[in-house]
Amino acid sequence: MAAAEEKLTKFTEESLVTVPFDVYRYDPAKGGEPRYQRYELRLAPHTPVLTGLLRIRDEIDPTLTLRYSCRSAICGSCAMLVNSKSRLACRTPVGPEVQAHGRIVIDPMRNQPILRDLVVDQQPFWTRYEQMEPHLILDPSKPMPADTPTRMSPAQVERFRDTPRCIACGACYSACPAVEADPGFPGPMALAKLYRFVVDPRDSATQGRLKKIQTSGLWLCLRCHLCTEACPKDVRPSERIRDLKELAVQAQGGTELGSRHAIGFLNNIEERGTLNELKLVRQTAGVGGVLGALPQGLRIWRKKPEITKAPPPIEGIDQVKKIYQALEDKKEGQE
Amino acid sequence: MLQHDVVVVGAGLAGQRAALAAAKAGRDVALVSKLHPLRSHSGAAQGGINAAIGKEDSVETHIYDTVKGSDYLGDQDAIEFFCQQAGPTVIEMEHFGTIFSRGEDGSLARRAFGGAGFPRTIYAADRTGLALLQGIYEHLATETIRMYDEWFLLSIIVRDGRAQGITLFDRKTSKIEGIAAKAVIIATGPFGRMYGRTTNAHSCTGDGVAVAYRAGANLKDMEFVQFHPTALLESSILITEGARGEGGILKNAQGERFMTRYAPHVLDLASRDVVSRAIVTEVKEGRGFPGGYVHLELMHLGKEKIESRLQEICDFSRTYAGIDPVTQPIPVSPAQHYMMGGIGTNMMGETNIPGLYAAGEAACVSLHGANRLGGNSLLETLVFGKQAGLAAAEYATKAGDAMLQPGDLDREAARFQALWNRKDGESPWAIRAELQQTMDKLVGIFRAPEELFDALRAVRRLQERYRNVRVQDQSTTYNIDLSDALEVGNLVDLAEVIVVGAIARTESRGAHTRVDFPTRDDQNWMKHTIARRTPGGPELSYAPVAFTRFEPKERVY
């Protein structure tokens with residue numbers, strides 16, 4: 001009790017700090033260049049950024065526009081860049097931002113066209129989500145049980161991990177460099193959503209879903225984990241993408257460049273504890289791929305002639321093999 | 001001019017369920033929302049959805065609990081239907097793909113909730129609204145429905161004695177449009193933002209209810225405003241009743257479990273009106289914490305239970321109050337949470353205007369009477385959303401073509417121009433801020449006549465000032481200064497109806513507690529308040545309550 005009270009007294013008596021906001025302003029209809037507008041407020045450090053922005057609107061500048069609704073991190077409306085990081089404005093307190101950066105720079109989310117100020121056009125994000133066919137696909141020969149809920153064990157619910165927490169705010173989409181680099185990449189949210197349906201015991205399209213995603217972007221993920229870092233609900237999209245890759249390889253083997261690369265990598269390490277680059281290229285891209293990579297290979301060979309030789313196994317390769325065996329045993333134990 | 005058979009305004013659970021029903025019935029359906037549907041406030045519902053599917057439980061008990069919870073003002077025929085539909089509705093949502101929490105045997109997990117005789121609240125951790133919203137939205141994609149995301153309702157057109165469609169504008173461009181429709185369904189949710197201390201989202205401004213009221217729809221039982229006992233201090237973010245359902249207890253500053261005094265049998269799980277009054281009484285009598293709050297303790301439940309079943313609550317407490325419920329009590333006090341009142345409908349969602357329907361929190365069937373039970377509102381959205389969708393679809397097959405007139409749009413364009421052209425008017429936020437202070441201070445849990453009259457004067461002054469409201473932002477792209485102005489106008493008009501109803505009702509029933517009339521008066525007040533708009537303000541009349549099997553008794557928890 002004492003602790004809670006202490007904290008709250010701290011809140012109510014917490015001295016206000018000056019918070020300089022530099023807010024991105026741009027109205028394409030009016031033309032001109034985007035600019036940053038400075039607003040200063042006196043706020044308690046635990047005040048959410050959203051509260052600050054709404055006070056700016058109410059008290060200083062009614063022309064500032066943004067999306068917001070629930071103010072409790074459940075509607076997903078107010079994702080934006082807070083000091084360059086994709087965040088929900090309603091769950092980012094101003095204090096630590098000012099402490100770390102001296103000010104709070106607010107930009108609209110990345111990877112989506114800007115409509116005005118902090119409002120972006122989320123259509124690309126929604127479209128990619130819809131492309132995952134995010135609804136149960138049922139096998140007509142196995143209808144839902146009549147008049148009763150499907151049985152689902154707590155362990156089966158556990159398999160969804162934290163994907164049901166997703167509020168579709170788009171922070172992950174904004175943070176994702178693969179989205180920026182490749183319009184063919186569905187983005188972290190869409191893939192986390194796909195995972196949610198792939199592991200759903202009620203869904204009968206698992207194989208089809210995995211097959212389809214293997215050729216439509218799954219292997220484009222850069223594994224940078226910026227999505228997981230950005231997610232305000234701890235959905236951990238990058239980990240679910242990793243799970244999808246595993247499931248896809250288990251189900252369909254190495255059918256894609258990406259999956260063959262992953263399998264080749266795995267085998268290489270198991271064999272020697274290090275990469276045999278030539279072999280890895282062959283495993284990933286096939287003989288044709290090796291031929292295609294020949295000019296690049298020659299350039300590397302001039303500087304590093306040992307590239308053509310298989311490297312010797314590393315010292316302690318026995319330990320590596322033991323790790324592989326342990327993982328294998330664990331997997332069997334789970335199944 | 002756009003044209004559809006059925007237009008649904010509001011894309012939370014009720015609106016989506018209505019749209020689904022009407023589309024499945026083969027009608028051409030438009031679904032309009034000022035937000036993206038997944039951003040609807042239904043998603044903020046935490047605790048769960050009631051259905052008497054347990055072996056020891058019965059539909060009968062659910063009916064009785066709801067009737068008793070309503071302080072006998074709920075219509076028993078509607079409540080019977082509602083409770084009978086509960087099981088099939090939850091099962092349907094499960095089949096649509098909703099991910100519910102499960103018991104060890106794989107069945108739907110259930111938890112205890114306030115005012116319920118059995119643990120009958122089915123849940124998805126403490127984000128049941130989000131789970132249902134995702135479930136229905138994702139299922140909706142299997143039907144053809146025309147979505148108007150981020151379009152804002154301006155008016156309902158009633159001509160030749162029936163609803164003929166709506167006018168609205170696209171928030172992305174501010175372009176005003178009309179949708180001619182044979183049937184219009186209003187499912188725009190609550191209007192809690194007339195209060196400052198509210199668990200409601202910023203978007204809960206009663207747009208559909210206010211617009212329907214202006215179009216001639218009757219509003220019902222508006223004076224009944226539910227205050228949720230446990231909102232987080234300062235931010236008023238909801239802390240679900242499920243926290244008490246899982247075993248959480250309330251304590252005052254003296255460390256007393258004070259609910260023993262107010263509800264000796266069910267303690268912390270009494271009905272919401274009872275618990276809210278208890279907290280306010282504790283604080284008034286000096287047993288609250290400085291600043292006027294009490295503690296909700298979860299610590300004894302243990303880290304694992306708290307973090308798995310009350311995951312969002314943990315996050316909210318840590319983020320917004322800086323406390324960890326695993327080791328510290330949560331500071332809570334009551335905040336406006338739910339509007340029992342709304343557009344008056346029957347069990348088919350029909351209003352007094354042919355072709356106009358309402359469902360969900362925007363409507364008043366009435367199920368909840370003077371006080372809603374936790375876990376019944378999510379169920380209401382789905383049961384009566386479907387009813388309204390079916391009724392509207394059927395009406396639309398028979399009704400002649402609906403027509404709008406150019407004047408319908410011109411009127412709205414002129415309104416926009418007036419808002420934009422005013423050079424020295426008032427800002428929407430100034431009016432909203434004063435409205436919220438007025439409602440917080442004068443139209444709360446305990447209501448005194450002189451305070452209610454003060455509130456009425458204040459609200460009418462605000463209506464007057466609203467005539468001079470001004471939109472400073474001249475942009476036509478996503479202009480929230482403009483939508484704020486429209487929303488505040490809606491809130492002010494609905495606040496007037498609430499206050500007028502509260503002044504008239506000289507008794508205490510459910511959530512409506514008059515300090516000068518502390519008891520329930522079945523002789524004179526066992527009736528619904530009906531408010532009709534006139535130029536001089538709301539005109540009240542009264543309608544009987546439907547009884548089927550339960551005679552009014554004193555309510556003891």
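We use all heavy atoms of the structure for the numbers below, so side chains are in, but hydrogens, waters and symmetry mates are not. The sequence lines fix the lettering, A, B, ..., with proteins before strands; numbering per chain opens at 1.
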Taking side chain as everything from C-beta outward and backbone as N, CA, C, O, which of these in [X] sits under 4.5 Å from a heavy atom of chain B? Side chain, backbone, both or neither.
X      : result
A:D27  : side chain
A:R202 : side chain
A:A73  : both
A:S153 : backbone
A:R196 : side chain
A:P145 : both
A:T51  : neither
A:I167 : both
A:D162 : side chain
A:Q156 : neither

| Passes side-chain contact (heavy atoms from CB on, under 4.5 Å), B:K172 versus A:R116? Steps please. | CA-CA 9 Å; B:K172 293 189 189 75; A:R116 185 181 156 215; over 6 Å; no
[X], [atom1]: over 12 other non-hydrogen atoms inside 6.0 angstrom:
X      : atom1 : result
B:E304 : CD    : no
A:R161 : CZ    : no
B:D105 : CG    : yes

Of the non-hydrogen atoms in [X] and [Y], which two are nearest, and what is the gap between them?
X      : Y      : result
B:R432 : A:D58  : NH2-OD2, 3.4 Å
A:R57  : B:D481 : NH1-N, 4.0 Å
A:S69  : B:L35  : OG-CD1, 4.3 Å
A:S77  : B:R39  : OG-CD, 3.1 Å
B:E312 : A:I74  : OE1-CD1, 4.4 Å
A:D147 : B:I91  : O-CD1, 3.5 Å

Measuring from atom [atom1] of [X] to atom [atom2] of [Y], what distance do you get when rounded to the nearest 0.5 angstrom?
X      : Y      : atom1 : atom2 : answer
A:T63  : B:N479 : OG1   : CG    : 9.0 Å
B:T477 : A:L115 : OG1   : CG    : 7.5 Å
B:Q472 : A:D61  : CD    : CG    : 8.5 Å
A:S72  : B:D315 : OG    : CG    : 10.0 Å

Which one wins on heavy-atom pair count under 4.5 Å against chain A: [options]?
options                       : result
B:G106, B:S40, B:A201         : B:G106
B:H139, B:M93, B:E92, B:E150  : B:E150
B:H41, B:E104, B:R171, B:R127 : B:R127
B:S235, B:A125, B:S203, B:G97 : B:G97

| Taking it one step at a time, do B:F96 and A:L136 satisfy side-chain contact (heavy atoms from CB on, under 4.5 Å)? | CA-CA 7 Å; B:F96 283 173; A:L136 291 182; over 6 Å; no
| A:R67 to B:Y478, cation-pi by 6.0 Å centre distance and 45° axis angle |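 Yes; both conditions hold, so A:R67 lies above the ring face of B:Y478.
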Quick check on the interface: out of [options], who has the most heavy-atom pairs with chain B under 4.5 Å?
options                       : value
A:M152, A:H135, A:K233        : A:M152
A:P164, A:A155, A:C70         : A:P164
A:R151, A:E133, A:E59, A:R165 : A:R165

| query | Could you go step by step and tell me if B:T319 and A:R91 meet the side chain to side chain donor-acceptor pair (under 3.5 Å) rule? | reply | CA-CA 7 Å; B:T319 308; A:R91 85 181 297 276; 3.0 Å; yes
| said: Quick one about A:T150 and B:E94 (side-chain donor to acceptor, distance below 3.5 Å, no hydrogens or angles considered), yes or no? | reply: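 Per modelled atom types, B:E94 and A:T150 side chains form a pair under 3.5 Å.
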Under 3.5 Å: donor-acceptor pair, side chain of [X], backbone of [Y]:
X      : Y      : value
B:H95  : A:T148 : yes
B:Y320 : A:C90  : yes
B:E138 : A:E130 : no

| In terms of the angle between their ring planes, are B:H36 and A:W126 parallel, tilted or perpendicular, with boundaries placed at 30° and 60°? |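 The rings of B:H36 and A:W126 lie parallel, inter-plane angle below 30°.
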